[in-house]
Amino acid sequence: MTLKNTRENYGAIARWLHWTTAALFLASYCSVYFRQWFTEKQTPENWTALQLHLSVGITIAVVVLLRVIWRASQPAPDPEPGSKGAHLAAHLGHLALYAVMIVAPLTGYLGTGVDTEYFFLFDIPKFESTSLFTSLVGNGLGLSFEAFEKPLDFIHKEILGTWLIWMLILGHVAAALHHHFILRDRTLRKMTSCN
Ligand code: HEM
Ligand code: HEM
């Protein structure tokens, strides 16, 4: 298996980044819904689940940064035969996935009113306590944290978390399965196998 992409397959690094991101998205959803559905407010479990959500989300931001840098240096493998419209839809779908992988952690971090206890190893200060918040938002825009976080929370929770990310991921997985089982081409294998 080569580290770099080839014309036939994604390389080991692109695959590792792809499947790690997918696993982290799953962990991000499990932690936040576990918190909301199975824990009482103000309990240690509620706090732990929140902190896991924040820690996983920040890890996604780091992995995605590496992924974008790697992707910029690597052309994707050749697409499977298909109409112009299908290729355009796949391309736009991937771009939208990259966009939510960046915007979700960003809105999450900027709009959160607590420090992140990163996997309970060390603390990452909340944006509100940083000098960037004071200079850009507090002094620059003249906004309180409450006014600043409201739209970010809405985007993070209502638009992205509850709807858009689910739609994009479900569409993406459905497309991968359609290629594999109906069209029987190599689209899924490019991301999973070495030949
Ligand atoms: C790709 C990464 C992320 C995804 C997919 C994601 C997704 C979600 C989802 C689905 C919710 C629940 C929405 C609802 O209330 O129905 C949520 C809530 C939340 N997220 Fe994220 N998030 C991510 C990253 C982050 C990051 C990096 C932070 C902060 C450092 C963060 C902070 C929060 C907070 C504070 C809540 C509210 C928790 C609650 O009310 O239980 N998120 N997020
Ligand atoms: C079970 C879950 C998943 C499956 C089966 C899957 C499958 C695939 C496949 C087969 C490709 C290659 C498509 C092609 O070359 O045309 C791909 C690419 C991609 N996937 Fe996934 N995926 C999954 C989850 C995710 C998740 C959760 C995300 C992000 C939130 C994601 C983001 C992407 C992106 C951005 C690409 C384009 C890669 C590039 O060219 O840079 N995938 N996926």
Side-chain angles (χ1 to χ4, degrees), residues 16-72 91-173:
W16 186 86
L17 290 165
H18 175 269
W19 293 114
T20 303
T21 318
L24 287 169
F25 263 74
L26 184 65
S28 167
Y29 272 102
C30 288
S31 53
V32 84
Y33 287 134
F34 178 81
R35 174 178 202 243
Q36 294 182 356
W37 296 340
F38 300 109
T39 69
E40 298 291 331
K41 285 196 171 136
Q42 317 274 329
T43 57
E45 305 81 69
N46 184 275
W47 181 251
T48 303
L50 174 65
Q51 285 301 333
L52 286 177
H53 179 71
L54 309 188
S55 302
V56 168
I58 287 177
T59 311
I60 291 178
V62 175
V63 173
V64 167
L65 182 70
L66 298 175
R67 190 167 169 182
V68 169
I69 294 170
W70 185 249
R71 180 67 177 82
H91 186 61
L92 292 178
H94 292 163
L95 276 181
L97 283 165
Y98 274 113
V100 296
M101 286 191 282
I102 294 167
V103 178
L106 202 62
T107 49
Y109 174 72
L110 296 178
T112 296
V114 295
D115 291 347
T116 299
E117 297 171 10
Y118 189 77
F119 292 109
F120 304 104
L121 297 172
F122 56 87
D123 287 358
I124 299 173
K126 57 186 174 186
F127 181 56
E128 188 188 0
S129 335
T130 62
S131 51
L132 203 61
F133 175 80
T134 315
S135 57
L136 282 184
V137 182
N139 299 337
L141 299 174
L143 288 178
S144 66
F145 182 69
E146 288 66 34
F148 173 72
E149 70 152 4
K150 244 188 176 171
L152 291 171
D153 262 11
F154 182 73
I155 296 172
H156 186 77
K157 294 186 200 167
E158 311 300 331
I159 299 185
L160 296 182
T162 312
W163 288 107
L164 194 59
I165 296 179
W166 275 121
M167 299 292 137
L168 288 173
I169 293 181
L170 290 179
H172 179 65
V173 173

- Task: State, with a plain yes or no, whether a side-chain heavy atom of Phe34 is found less than 4.5 Å away from one of Val32.
- Result: no
- Task: Write out all pairs satisfying salt bridge (Lys or Arg N to Asp or Glu O under 4.0 Å) with one or both partners inside residues 26-44, taking only residues at least two apart or from two chains.
- Result: none
- Output the distance between atom NE2 (His53) and atom CD1 (Ile58), rounded to the nearest 0.5 Å. 10.0 Å
- Query: Can you find a pair of side-chain heavy atoms, one from Leu136 and one from Leu141, that are under 4.5 Å apart?
  - Reply: no
- Task: Return each pair, listed once, that meets salt bridge (Lys or Arg N to Asp or Glu O under 4.0 Å) where at least one residue sits in residues 113-125; pairs must be two or more places apart or across chains.
- Result: none
- The side chain to side chain donor-acceptor pair (under 3.5 Å) partners of Ser55 (sequence neighbours excluded) come to none
- Going from CD1 on Ile165 to CH2 on Trp163, what distance comes out if it is rounded to the nearest 0.5 angstrom? 13.5 Å
- Return each pair, listed once, that meets ring-ring contact (aromatic ring centres under 6.0 Å, His included) where at least one residue sits in residues 91-110; pairs must be two or more places apart or across chains. His94-His172
- State, to 0.1 Å, how close Ile60 and Ser28 come at their nearest heavy-atom pair, and which atoms those are. CD1-CB, 4.3 Å
- Item | Residues which pass ring pair (Phe, Tyr, Trp, His ring centres under 6.0 Å) with Tyr33, listed by chain and number, not counting sequence neighbours | Tyr29, Trp37
- Residues in side chain to side chain donor-acceptor pair (under 3.5 Å) contact with Thr20, at least two apart in sequence or another chain: none
- Task: Return the set of residues passing side chain to side chain donor-acceptor pair (under 3.5 Å) with Thr112 (not counting sequence neighbours), or none when no residue passes.
- Result: none
- Message: Does Ile102 form a side-chain contact (heavy atoms from CB on, under 4.5 Å) with Leu65? I'd like the steps, not just the answer.
- Response: CA-CA 8 Å; Ile102 294 167; Leu65 182 70; over 6 Å; no
- Message: Using the ring pair (Phe, Tyr, Trp, His ring centres under 6.0 Å) criterion, which residues pair with Phe133? Sequence neighbours excluded.
- Response: Phe127, Phe145, Phe148
- Item | pair Leu17-Val64: side-chain heavy atoms closer than 4.5 Å | no
- Task: Quick one: pull up OG1 in Thr43 and CG in Asn46 and give me the separation to the nearest 0.5 Å.
- Result: 4.5 Å
- Value rounded to 0.5 Å, distance of CG in Leu168 from CG in Leu95: 11.0 Å
- Those residues that, when tested against Phe120, pass ring pair (Phe, Tyr, Trp, His ring centres under 6.0 Å) (two or more places apart): none
- salt bridge (Lys or Arg N to Asp or Glu O under 4.0 Å) contacts in which one or both residues fall within residues 135-155, not counting sequence neighbours: Asp153-Lys157
- Hey, is CH2 on Trp16 packed in by over 12 heavy atoms from elsewhere, all under 6.0 Å? no
- Item | With sequence neighbours excluded, residues passing side chain to side chain donor-acceptor pair (under 3.5 Å) with Arg71 | none
- Item | Flag side-chain contact, heavy atom, 4.5 Å: Leu54 against Tyr118 | no
- To the nearest 0.5 Å, how far apart are OG1 in Thr21 and CG in Leu26? 12.5 Å
- Flag side-chain contact, heavy atom, 4.5 Å: Met101 against Phe25: yes
- Message: Strictly by side-chain hydrogen bond (donor to acceptor under 3.5 Å, both in side chains), give each pair with a member in residues 124-135 just once, sequence neighbours left out.
- Response: none
- Message: Applying side-chain contact (heavy atoms from CB on, under 4.5 Å) to Thr39 and Trp47, what does each step give before you reach the verdict?
- Response: CA-CA 9 Å; Thr39 69; Trp47 181 251; over 6 Å; no
- Message: Could you report the tightest heavy-atom contact between Gly57 and Pro105, atom names first, then the distance?
- Response: O-CB, 3.7 Å
- Task: For the pair Thr162 (side chain) and Ile159 (backbone), establish whether a donor and an acceptor sit closer than 3.5 Å, ignoring hydrogens and angles.
- Result: no
